[in-house]
Each structure stands twice: as structure tokens, then as C-alpha cells.
Amino acid sequence: MTDRTGPLRLGFLMFPGFPMACLTSAIEPLRAANEITGRQEFVWKLVAEAPSPVRSSAEIGFDPDVTLQDLEGIDHLYLLSPPTAEFSDPRRSPAKLRWLDRTGVTLGAFSGGIFPLARSGLLEGKACSVHWCYEAAFKADFPAVEAREVTILREGRRTTASGAGAVFDLMLRLIEERLGRDCMTEVACWFQHPFVRDADASQKVPVARAGGTTDSLPAAIREAIRLFETHVEDPLRIPDVAQAVGLSGRHFERLFKRETGQSPLRYYHHMRLQKARQRVLYSNDSLREIAASVGYMTSSPMIRHYTEFFGVSPRDERRLTQTMRRAPVRVEAAE
């Protein structure tokens, strides 16, 4: 449990290819809070499964301070990874996380870190913040976990954040809880952080090919997109969606195209293909399973539409992505 008489102790468990921005967004506000107060209110350790350096998504390596198996004396541990991350030790590493949970440690994950956290079994029956670009793949892999499109979700001793900006907000909350709002505000101002989102703030989601976000759309169009989102596997008829949002078919078509730059049918079709792409890139599901999950009776038309839309077939894109993940990184010697 957190020792209020000493610093709050955090660990960041890094997997190869983890998002570096999430790590710096976590550490920098804590460092600033320490500097402002003149005290070590927060301490942190970089953690890995093995003692060797871990390369981030930006191809920069980070030396861990401690291995996961040797980790002790912390209050919070956050997993940072791409969505494809697997434990290098699939028996001992999840067991260590479960042991930390039993000892009262707050466990959480940033961005794709929810995938290994869910694989450890520590999110079953719980809810977590899932980044919109991983949502389809996550729901397919972990149907027992409630995926929410909020930026940050804190439920008991589980804390999840959807991206680097959300991680920064989460750290500001920890600073406010420990040191008060004045210190939190000063830290935010140090970094010219524009605002601190509410705990239940929804994620910013781009409107496909429109240069805006869904929260800026008229209510009827937002509701239509919500209906599209909840009926990917069993597509709705566009006239039924227009009726559901209280608009005539012609007015709905005109308003939707004005706000998004696309007809509702084309937008809906592209949304389903985007969901398919998440599962192509971040799951091992067969193309037949993926096609069924986005409303196609067979895989052939899905493959054809996917290739037309993305300029590459799903098989080739999956193969290329897997090859890039396996490729060794060359590091030039320093002059």
C-alpha cells in the first residue's frame, strides 16, 4: 500500500516497441513536482523482464533499473507496450503481476499495455480505457473485459490511460492528490499543458477524411456514428439510421455529407474496414473471422474492398508488419 510518510513509488514495465511518449509523459510531470517542492515526493524505476536495454517505438533504448522478478517496494506499476506485446516469460511474469496485486500494488497500463495486462488475467470482469485505434482488436481478444473510450479509467487498484496526453493528465491527478491543486497547476503550467480533462472525458476520435473530431459534430450525426460503431458485425440500413436520429433520408444524407465529407454509406463502409484493419494488424484472427466480425458473409469481398481502400491486401499488410516487428534494429557506432 502507498506509504504516505514517504515518496510515492512507481514502476514502469517496458516491453519492446513501447510508446516512448507515454513514458516521458509519466516521468516528466513527476520530476517537475519534485523540483517545485524541493522534495522527492515521487520516485520511479524502469522495469523490464530481462536486464538488457528495451528499445522504444522511437528506436531509443532504455536500460531497466530492475527486472520484474526482482521488483519490490513499489506502490504503482504501469505496463507500457505495443498491442502486439507478449510476455517473454509467459509463466513467471504474469504470476509476478498477480503477486504484486495480492500485496496491494496498484496495477495499470498505458496505451497498448492493456494487452499484456489483460493477458495476465488481471482485467477480467473489469473495465479499462482502450485507445480507439486498438478497440476492435482488444474487444475481439478480451470479450470478458469492458472496453471504454474514456481517456483515463481508475477503478480500485486498476488504472488505464489511452495515450500519452492521457498519461500526462493521470500524473497531474496523482500530483494533485498528493500535493494539492496549486502544485498540480504549477506543474501543468511548466509544460504549458492546456487543460486537465475530467476523469470521464471521452477520447478525441478523428472523423474519417474530414479533418475534425466526432465531438464537434451535430448531435444527430454523432448519434448516427455511434449507431454505426455498435453495429459493425450486423450492419444497419442507412434509412433506418436516418429514422433513428429523427431525420428524413434526404436531409440525413445531405447533413452527413456536409459534416464529414462522405455519404453515410461510404463512411460506414470505411469504418468497418478500419475495424477490420485493427484485427489484421493486432490479432492472429483468420481473414474469414475478421470478415465476419465486420459484417461480410465471406472473406473475398472484404479482401477486395480492403485492398482498394488501403492500397495493400490484408495478407500482405499483416506479413509486412510482422516482418518489420521481427527485423533487428541496426545501431551505428558513435563517432
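Predicted model, so just to flag it, every value in this text is computed and none were measured. Numbering of residues begins at 1 and proceeds along the displayed sequence.
Across all their heavy atoms, Tyr282 and Ala137 have their closest contact at CB-CB, 3.7 Å. Nearest approach of Ser299 to Leu287, heavy atoms of both residues: CB-O, 3.9 Å. Residues Ala242 and Gly249 come closest through the heavy atom pair CB-CA, 4.1 Å. The heavy-atom pair separating Ser283 from Asp141 by the smallest distance is CB-OD1, 4.2 Å. The heavy-atom pair separating Ala166 from Ala161 by the smallest distance is CB-CB, 4.0 Å. Ala276 approaches Met302 most closely through the heavy-atom pair CB-SD, 4.3 Å.
Counted by atom type alone, Ser293 and Glu233 present zero donor-acceptor pairs between their side chains at under 3.5 Å. For the residue pair Asp182 / Thr185, no side-chain donor-acceptor distance below 3.5 Å is found, with atom types taken as modelled.
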*Can Phe12 and Leu79 be said to form a side chain to side chain contact (heavy atoms under 4.5 Å, CB included), step by step?*
CA-CA 6 Å; Phe12 300 104; Leu79 280 62; over 6 Å; no

Should Ile221 and Leu255 be marked as a side chain to side chain contact (heavy atoms under 4.5 Å, CB included) after you check the CA-CA gap, both sets of side-chain angles, and the distance that decides it?
CA-CA 8 Å; Ile221 305 304; Leu255 180 61; 3.8 Å; yes

>> Under the criterion side chain to side chain contact (heavy atoms under 4.5 Å, CB included), I'd like the reasoning laid out for His193 against Asp169: C-alpha separation, chi angles, the key distance, then a yes or no.
In response: CA-CA 9 Å; His193 193 65; Asp169 282 344; 2.7 Å; yes

Quiz item: Could you go step by step and tell me if Ile27 and Leu46 meet the side chain to side chain contact (heavy atoms under 4.5 Å, CB included) rule?
Solution: CA-CA 10 Å; Ile27 291 176; Leu46 301 186; 4.1 Å; yes

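To the nearest 0.5 Å, atom OG1 of residue Thr151 and atom NE2 of residue His131 are 10.5 Å apart. Here CD1 of Ile36 is found 5.0 Å from SG of Cys183. Values are rounded to the nearest 0.5 Å. Atom CG in Leu320 sits 13.0 Å away from atom CZ in Arg318 (nearest 0.5 Å). To the nearest 0.5 Å, the span separating OG on Ser81 from CG on Leu13 amounts to 8.5 Å. Note: Asp65 CG to Asp70 CG = 12.0 Å, rounded to the nearest 0.5 Å. In this structure, the separation between CD1 on Ile290 and CD on Gln278 is 11.0 Å, given to the nearest 0.5 Å.
Of the possible polar contacts, none joining the Thr159 side chain to the Glu155 backbone as a donor-acceptor pair under 3.5 Å is found. Of the possible donor and acceptor atoms, one in the side chain of Ser129 sits under 3.5 Å from a partner among the backbone N and O of Val150. At least one donor-acceptor pair under 3.5 Å links the side chain of Thr24 to the backbone N or O of Ala21. A distance-only check finds a donor-acceptor pair linking the side chain of Arg55 to the backbone of Glu59 [under 3.5 Å]. A donor-acceptor pair is defined here as one N or O able to donate and one able to accept, closer than 3.5 Å; no such pair exists between the side chain of Glu253 and the backbone of Arg250. At least one donor-acceptor pair under 3.5 Å links the side chain of Arg222 to the backbone N or O of Leu217. With hydrogens and angles ignored, the 3.5 Å screen pairs a side-chain donor or acceptor of Arg157 with a backbone N or O of Val105.
Just one of Glu186, Arg181, Met184 meets the side-chain contact (heavy atoms from CB on, under 4.5 Å) condition when paired with Ile175; it is Met184. For the pairing with Phe110, the ring-ring contact (aromatic ring centres under 6.0 Å, His included) check across Phe168, Tyr134, Tyr78 returns one residue only, Tyr78.
Within a 6.0 Å sphere centred on CG of Asp234, heavy atoms belonging to other residues, nucleotides or ligands number more than 12. Shown here is Arg98, whose CZ atom has more than 12 heavy atoms of other residues, nucleotides or ligands within 6.0 Å. Taking a 6.0 Å sphere around CD of Glu124, one finds it holds 12 or fewer heavy atoms contributed by other residues, nucleotides or ligands. Within 6.0 Å of the CD atom in Glu289, the count of heavy atoms belonging to other residues, nucleotides or ligands exceeds 12.
Remark: aromatic rings of Phe18 and Phe62 are close, center separation under 6.0 Å.
The pair Lys139-Glu135 meets the salt-bridge criterion, since a charged nitrogen lies less than 4.0 angstrom from a carboxylate oxygen. Ion pairing of Arg148 with Glu146 is present here, as a side-chain N (NZ or NE/NH1/NH2) and a carboxylate O approach within less than 4.0 Å. Salt bridge annotation for Asp101-Arg158: present, with a cationic side-chain nitrogen under 4.0 angstrom from a carboxylate oxygen. Salt bridge status for Asp89 with Arg92: present, with a side-chain N to carboxylate O gap under 4.0 Å. Using a 4.0 Å cut-off between charged nitrogen and carboxylate oxygen, Arg277 and Glu317 count as a salt-bridge pair. The pair Glu176-Arg173 fails the salt-bridge criterion, with no side-chain N (NZ, NE, NH1 or NH2) lying under 4.0 Å from an Asp/Glu carboxylate O.
Residues Leu10 and Asp75 fail the side-chain proximity criterion, which asks for heavy atoms closer than 4.5 Å. Leu236 is listed as a side-chain neighbour of Leu227, based on a closest heavy-atom distance under 4.5 Å. Counting only heavy atoms from C-beta outward, the side chains of Ile225 and Tyr267 approach each other to under 4.5 Å. Taking the side chain as every heavy atom from C-beta outward, His76 and Leu8 approach each other to under 4.5 Å. Inter-residue side-chain proximity for Leu179 and Thr37 is flagged as met; some heavy-atom pair is nearer than 4.5 Å. Looking at heavy atoms from C-beta onward, Leu97 lies in side-chain contact with Leu122 at the 4.5 angstrom threshold. Taking the side chain as every heavy atom from C-beta outward, Ile152 and Thr160 never approach each other to under 4.5 Å. Within the 4.5 Å cutoff, no side-chain heavy atoms of Glu49 are placed close to those of Thr67.
Residues that satisfy the ring pair (Phe, Tyr, Trp, His ring centres under 6.0 Å) test with His305, not counting sequence neighbours, are His269, Tyr296. Residues satisfying the ring pair (Phe, Tyr, Trp, His ring centres under 6.0 Å) test with Tyr268, not counting sequence neighbours, are Phe228.
In this structure, Arg119 is not positioned above the aromatic face of Phe87 in the sense of NZ or CZ being under 6.0 Å from the six-membered ring centre and within 45° of the axis.
The side-chain hydrogen bond (donor to acceptor under 3.5 Å, both in side chains) pairs that include a residue from residues 26-35 are Glu28-Arg31, Arg31-Glu35, where partners are two or more places apart or lie in different chains.
Under the 4.5 Å side-chain heavy-atom criterion for ILVMFWY residues, no single connected hydrophobic cluster contains both Leu71 and Val43.
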